[in-house]
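In what follows, chains carry the letters A, B, and so on, assigned in the order in which the sequence lines appear, proteins first and then strands, with residues in each chain numbered from 1.
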There are 2 protein chains.
Amino acid sequence: MNLEDIARRAGVSRSTVSRVINNEPYVSDRTRAKVMAVIQEVGYAPNPAARMLVTRRTHVIGVVIPRELITVFEDPYYFPTLLQGIAEAAQERDYATLLWVGSSSEDEDRLYERVLQNRLMDGLLIASATRQMGITRRLVEHHIPFVMVERPAALEDQINYVSIDNIAAAQDAVNHLIDAGRRRIGHITGSLNNSDGLERVEGYRLALRRARLPYDPDLVVEGHFTSRSGYLGMKALLKQGVDAVFAASDTTAYGALQALHEAGVRVPEDVALVGFDDLPRAVEANPPLTTIRQPIHQKGYQAAHLLLDLLDGKVRGPRHILLPTQLVIRASSGANTF
Amino acid sequence: MNLEDIARRAGVSRSTVSRVINNEPYVSDRTRAKVMAVIQEVGYAPNPAARMLVTRRTHVIGVVIPRELITVFEDPYYFPTLLQGIAEAAQERDYATLLWVGSSSEDEDRLYERVLQNRLMDGLLIASATRQMGITRRLVEHHIPFVMVERPAALEDQINYVSIDNIAAAQDAVNHLIDAGRRRIGHITGSLNNSDGLERVEGYRLALRRARLPYDPDLVVEGHFTSRSGYLGMKALLKQGVDAVFAASDTTAYGALQALHEAGVRVPEDVALVGFDDLPRAVEANPPLTTIRQPIHQKGYQAAHLLLDLLDGKVRGPRHILLPTQLVIRASSGANTF
DNA sequence: GGTAGTTCTGGGAGCGCTCCCAATCCGATC
DNA sequence: GATCGGATTGGGAGCGCTCCCAGAACTACC
């Protein structure tokens, strides 16, 4: 069933049917209605391949997620939520979403090789990359439209991205601890090959400086956004002696909490704790976790809309969008706002 | 850059280049090498739209995930892991993966409408559906190849699926509790509009019968695979008085655990608990959770391979694949195998 | 009633591939 | 050295759509 068939049944020409389908002007109401009726009746949908071939547009966007990120790093809540936001935007604009997930058996470079070889996408969404340099440079050089969902490590002024202001958010978290009277504040970092992780360290540093508190490298333990690194990091910090800890993610904070419980340290009386993400579990933690809420769904939603705006020529890049975060105060930080 | 360009540069015809690209016989080694060299040199990749148009194959499979399932029901660990398995198989067979996630603003029917209208896919993977009847019937009628990742509610003998033997697995879980001497065993179910949930109830029932224990409807509380329903379900069961509980998912078990802790009930001394899934968190629970391990990644991987085998004509449907599960005994069930 | 301008309609060309058939080449065989 | 059959190569046709241009139909105006 093709355009010509519909045309014959409706007693018009191929061109007219095409105009109706693409909602173009210069079709009389009578003709339009007649054609629509036939289309409805036979359940016709145009052949996307034929359309792509001539328009050079696929109406497909690609989402690239390096393997480790989907389940290992961070909380598994992150990517489903991000994908949900992306899918919602794509649906609104009538685009389909092609998913590229790195697999265990290949490294990131191979993944990008496959993505670049596949010419089925109008643009790309890069959902967090660990070794972005290589890929982003190539994308920029090849003029492939793309949006990153995190601040790029390089070429920032040439790259579109949607992120949050990690520095300000981390400062909020640490300021909150300082305001609550804490003075020896430790930080269990996220992955430091990633700008989210790096910026949170920076925010931590700035907050201490603003309060004229010393920056003690021994109070900063490198982690990987994981629960395990939170557990180990907390053990290290307990040896150093701290009265508060800012964990780079809620997942990290859970690990820390476990270490604190095992050590018989009271939270928040002895050590106050602040996380980052506001995962659904945060409110169920014991004690409920003070944390930074970040709009994960919105990140995906806005990044997708930005990409589609770029593709439609509605906006011109590079664009940088920073979404707001919010400090959510619960019991773990010891502020009596419960 | 198209076939003709490559042909000109290599001094051969369009047809020969096509043969090389598609790895067809009847090309001399010398010619093949020459063409390959040119392709490498200019970084040529064939236009997928043109290819699709004539072959009527897209080399794209669709994955459909109704909205609620991606983040709300079950643990968010489930879908990332499933997708990972699917993506891995697709990659091995050189297929791309189109993702269809229901959005909040539309219901399942609308999602399926969009999927059916989009003709960009050779086949579909249905990753759990709540109201499958409508869609599966239409897919079967339209002869669209598809594989479900759960046992279908209807038309079972006409539908390809990959699942686990939920009945046997649930029996294992309950038998384990019975073997440990428990006699008043409750069950917090999963969603009962879903075969995974229904079959686990059935397994629970069969295990009791085999042990000649009475089936008491008051000891079965309907849940939704969620933590909250586990919490509420456990509270209800505590009123009934139980010495063990089989929760339909680990997430449900976490909720139950919280209710038990709050009530000051000792686990496993007073109430033994078994979950289902073996999420990474299960081992970190307090006490560590006895549970049924199910191969989520494998489910996705095998389902995708089955779909591709069907598409390639390597196998003929309908095929039913049941993957093995495994009882993982930890402290929460009170068996001293710690 | 003629003309100009607009709205509407139809059909050729071509997007870049694969498929098919015909033509050519080549070594072996008699 | 002619013949044969398989290996190799080339080019026309056509997939289903959009784009473009030409022509028809209609309207408004003088």
Engineer: Map A:Ala49 and B:Ser13 onto DNA chain D by nearest heavy atom, then report which one ends up closer to the 5' terminus.
Structural biologist: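 Between the two, 5'-proximity favours B:Ser13.
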Engineer: Nearest heavy-atom pair of B:Leu155 and B:Arg137: which atoms, and what distance?
Structural biologist: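 So the minimum-distance heavy-atom pair works out to CD1-CA, 3.9 Å.
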Engineer: What's the verdict on salt bridge (Lys or Arg N to Asp or Glu O under 4.0 Å) for B:Arg138 and B:Glu113, showing C-alpha distance, side-chain angles and the deciding distance?
Structural biologist: CA-CA 10 Å; B:Arg138 285 183 62 181; B:Glu113 214 48 62; 3.0 Å; yes
Engineer: Residues from residues 51-61 of chain A sitting under 4.0 Å of DNA chain D, heavy atoms only?
Structural biologist: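 Heavy-atom cutoff 4.0 Å gives A:Arg51, A:Leu53, A:Val54, A:Thr55.
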Engineer: Touch check for A:Thr16, heavy atoms < 4.0 angstrom, all strands: base, sugar-phosphate only, or nothing?
Structural biologist: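 A:Thr16: backbone/sugar contact only, no base atoms under 4.0 Å.
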Engineer: As a test of understanding, state which of B:Glu88, B:Glu92, B:Lys314 forms a side-chain hydrogen bond (donor to acceptor under 3.5 Å, both in side chains) with B:His305.
Structural biologist: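 Result for side-chain hydrogen bond (donor to acceptor under 3.5 Å, both in side chains) with B:His305: B:Glu92.
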Engineer: Considering all heavy atoms of both residues, which atom of B:Ser13 and which atom of B:Ala7 are nearest to each other, and what is their separation?
Structural biologist: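 Looks like C-CB, 3.5 Å.
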Engineer: Angle, rounded to 10°, between the helical axes spanning five pairs at each terminus of the helix from C:dG1-D:dC30 to C:dC30-D:dG1?
Structural biologist: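 Angle reported: 50°, given to the nearest ten degrees.
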Engineer: Is a side-chain N or O of B:Asp122 found less than 3.5 angstrom from the main chain of B:Arg57, in a donor-acceptor match?
Structural biologist: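 Answer holds: no.
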Engineer: State which residues pass ring pair (Phe, Tyr, Trp, His ring centres under 6.0 Å) with A:His297; sequence neighbours excluded, sorted by chain then number.
Structural biologist: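 Partners of A:His297 under the ring pair (Phe, Tyr, Trp, His ring centres under 6.0 Å) test: none.
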Engineer: Do we see a donor-acceptor contact under 3.5 Å between the side chains of A:Glu156 and A:Tyr161?
Structural biologist: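 Yes, because at least one side-chain N or O of A:Glu156 sits under 3.5 Å from a partner of the opposite role on A:Tyr161.
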Engineer: Do other residues, nucleotides or ligands put more than 12 heavy atoms under 6.0 Å from A:Met36 CE?
Structural biologist: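 No.
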Engineer: Judged by modelled atom types alone, do B:Ser18 and B:Ser15 share a side-chain donor-acceptor pair under 3.5 Å?
Structural biologist: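 Distance-only check fails for B:Ser18 and B:Ser15.
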Engineer: What pair of heavy atoms forms the shortest contact from A:Ala49 to B:Met52, and how long is it?
Structural biologist: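 A:Ala49 and B:Met52 have their closest heavy atoms at CB-CB, 3.5 Å.
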Engineer: Taking N or O atoms only and anything under 3.5 Å, show me the protein contacts with nucleotides 5-8 of chain C, one pair per line.
Structural biologist:
unit_1, atom_1, unit_2, atom_2, d
C:dT7, OP2, A:Tyr26, OH, 3.2

Engineer: Do B:Arg51 and B:Asn22 get their side chains close enough for a donor-acceptor pair, meaning under 3.5 Å?
Structural biologist: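 Yes - a donor-acceptor pair under 3.5 Å links their side chains.
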Engineer: Heavy atoms of chain B, cut-off under 4.0 Å: which first and last nucleotide of DNA chain D, 5' to 3', fall inside that, if you could look?
Structural biologist: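 The contact span of chain B on DNA chain D goes from D:dA7 to D:dG16.
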Engineer: Applying ring pair (Phe, Tyr, Trp, His ring centres under 6.0 Å), can you list everything that pairs with A:Tyr44, at least two apart in sequence or on another chain?
Structural biologist: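 With neighbours one apart ignored, the set is empty.
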